[in-house]
Engineer: 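Could you have a look at this structure, given as structure tokens, before my questions?
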Amino acid sequence: MTDPIRALYFNGTLTPSPGESHTDLLIEASARILREQGVEVEVVRAVDHALAPGVQPDMREHGASEDAWPELWQRVLAADIVVLATPIWLGDASSVTRRVIERLYAESGELNAHGQSIFYGKVGGCLVGGNEDGMKHVAREVLYALQHIGFTIPPQADAGWVGEAGPGPSYGDELDDGSRAGADNDFTKRNITIMAWNLLHVARMLRGGIPSEGNDRNAWERGERFGFQNPEYR
């Protein structure tokens with residue numbers, strides 16, 4: 001029997017539990033689609049964990065008094081899909097989300113059994129919420145970071161919602177007429193749905209991994225150049 005696809009969402013809200021999080025509502029809209037397809041979903045609110053700053057796998061070995069990352073890293077390893085969900089603050093991802101990215105980067109030197117980045121075969125996505133513009137900017141920064149360290153990014157792997165510029169309701173806030181801000185936004189609903197399905201499709205496709213021809217770092221260290229030619233030596 002094939003193991004189920006596993007998805008891990010990091011909620012980058014600045015609000016510790018049990019406080020309400022608008023980002024949680026975006027996550028649930030996406031996660032519900034995956035759960036209905038048999039995906040095992042876990043949500044981690046990063047601010048609830050003592051994530052030490054730094055780009056080493058365990059910052060306790062570098063002076064930090066505590067570091068929850070080594071335990072969270074095991075959850076990342078078990079996941080096929082990793083989604084970073086963040087609010088927008090000052091036009092950018094939250095500081096908590098940036099810290100998660102830095103800690104993922106701390107593991108980028110790890111290789112799998114084929115000499116590839118440990119993140120090969122994992123699929124990455126991004127959810128963004130706020131009440132001012134900046135959604136595409138944040139998604140660009142997050143998705144670039146994920147693909148750089150080895151995640152595969154499906155087409156249209158970002159979704160989100162932003163309201164009018166200036167102070168105003170965030171996603172899911174109750175409005176005067178009793179409706180919820182953003183809940184009926186067709187653009188948001190469509191993109192969340194496309195993103196969830198594309199994450200799942202690509203995660204299924206990558207169950208066998210990515211071929212190691214041309215990206216085996218161990219082979220490169222042994223002198224294999226996979227067809228690369230240096231013009232100086234032609």
Engineer: Please name the pair of heavy atoms, one in C126 and one in A139, separated by the smallest distance, quoted to 0.1 Å.
Structural biologist: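 Reported closest heavy-atom pair: SG-CA, 3.9 Å.
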Engineer: Looking at side-chain heavy atoms only, is the closest gap between L127 and T86 below 4.5 Å?
Structural biologist: no
Engineer: Could you tell me whether the side chain of S94 and the main chain of L14 form a donor-acceptor pair under 3.5 Å?
Structural biologist: no
Engineer: What do the steps show when you test S179 against D184 for side chain to side chain donor-acceptor pair (under 3.5 Å), and what is the final call?
Structural biologist: CA-CA 9 Å; S179 64; D184 292 327; 5.7 Å; no
Engineer: Sequence neighbours left out, what pairs pass side chain to side chain donor-acceptor pair (under 3.5 Å) with at least one residue falling in residues 195-204?
Structural biologist: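 Sorted result for residues 195-204: empty, none.
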Engineer: Quick one: is the NZ or CZ of R225 closer than 6.0 Å to the six-membered ring centre of W220, and within 45° of its axis?
Structural biologist: yes
Engineer: Under 6.0 Å between the ring centres of W73 and F119?
Structural biologist: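 Yes, the ring centres sit under 6.0 Å apart.
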Engineer: Mind checking what makes side-chain hydrogen bond (donor to acceptor under 3.5 Å, both in side chains) contact with R60, not counting sequence neighbours?
Structural biologist: D58
Engineer: Could you tell me if the side chain of W161 sits less than 4.5 Å from the side chain of N185, heavy atoms only?
Structural biologist: yes
Engineer: Is there side-chain contact between D24 and E28, with at least one heavy-atom pair below 4.5 Å?
Structural biologist: no
Engineer: Tell me if a side-chain donor or acceptor on N215 pairs with a main-chain N or O of P211 at a distance below 3.5 Å.
Structural biologist: yes
Engineer: Closest heavy-atom contact between H137 and G91?
Structural biologist: CD2-O, 3.0 Å
Engineer: Counting N and O atoms only, with roles assigned by atom type, does the side chain of T193 sit under 3.5 Å from a partner on the main chain of K189, one being a donor and the other an acceptor?
Structural biologist: yes
Engineer: Could you tell me whether the side chain of K122 and the main chain of L77 form a donor-acceptor pair under 3.5 Å?
Structural biologist: yes
Engineer: Just wondering, do R103 and P53 contact through their side chains at under 4.5 Å, heavy atoms?
Structural biologist: no
Engineer: Atom CG of residue position D133 - does it have more than 12 heavy atoms of other residues, nucleotides or ligands inside 6.0 Å?
Structural biologist: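 No, not enclosed.
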Engineer: Check for a donor-acceptor pair, side chain of N112 on one end and backbone N or O of G115 on the other, with a separation under 3.5 Å.
Structural biologist: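 Flag set: sc N112 to bb G115 pair under 3.5 Å.
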Engineer: For S21 and R45, work out which heavy atoms get closest and say how close.
Structural biologist: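 For S21 and R45, the tightest heavy-atom pair comes out as CB-NH2, 3.5 Å.
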Engineer: Tell me, with the steps shown, if V83 and M195 meet side chain to side chain contact (heavy atoms under 4.5 Å, CB included).
Structural biologist: CA-CA 10 Å; V83 178; M195 170 187 163; 3.7 Å; yes
Engineer: For I5, run the side chain to side chain contact (heavy atoms under 4.5 Å, CB included) check against D80, V41, V123 and tell me which one passes.
Structural biologist: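 Filter result, single survivor: D80.
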Engineer: Side chains of T15 and E20: does their closest heavy-atom pair fall under 4.5 Å?
Structural biologist: no
Engineer: What I want to check is whether the side chains of Y9 and S30 have a donor and an acceptor closer together than 3.5 Å.
Structural biologist: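 Present: a donor and an acceptor within the cut-off.
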Engineer: Main chain of G160, side chain of T188: is a donor-acceptor contact present, judged purely on distance under 3.5 Å?
Structural biologist: yes
Engineer: When you measure from the side chain of R6 to the backbone of E42, do you find a donor-acceptor pair of N or O atoms at a distance under 3.5 Å?
Structural biologist: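 No.
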Engineer: State, with a plain yes or no, whether a side-chain heavy atom of L51 is found less than 4.5 Å away from one of L72.
Structural biologist: yes
Engineer: Mind listing the closest non-hydrogen atom pair of A46 and V96 along with its distance?
Structural biologist: CB-CG1, 3.4 Å
Engineer: For residues 141-157, run the donor-acceptor check on the side chains, cut-off 3.5 Å, and write out each pair with its distance to 0.1 Å, sequence neighbours left out.
Structural biologist:
unit_1	atom_1	unit_2	atom_2	d
Y144	OH	H148	ND1	3.3
Q147	NE2	Y144	O	3.2

Engineer: Could you walk me through whether I81 and L8 pass the side chain to side chain contact (heavy atoms under 4.5 Å, CB included) test, one step at a time?
Structural biologist: CA-CA 6 Å; I81 298 169; L8 175 64; over 6 Å; no
Engineer: Within the 4.5 Å heavy-atom criterion, are P70 and D67 side-chain neighbours or not?
Structural biologist: yes
Engineer: I would like to know whether W69 and L104 meet side chain to side chain contact (heavy atoms under 4.5 Å, CB included); could you show each step before the answer?
Structural biologist: CA-CA 9 Å; W69 179 252; L104 288 170; 3.7 Å; yes
Engineer: Any side-chain heavy-atom pair from V82 and F10 closer than 4.5 angstrom?
Structural biologist: yes
Engineer: Would you please test H22 and D173 for side chain to side chain donor-acceptor pair (under 3.5 Å) and show each step?
Structural biologist: CA-CA 8 Å; H22 297 101; D173 280 344; 2.6 Å; yes
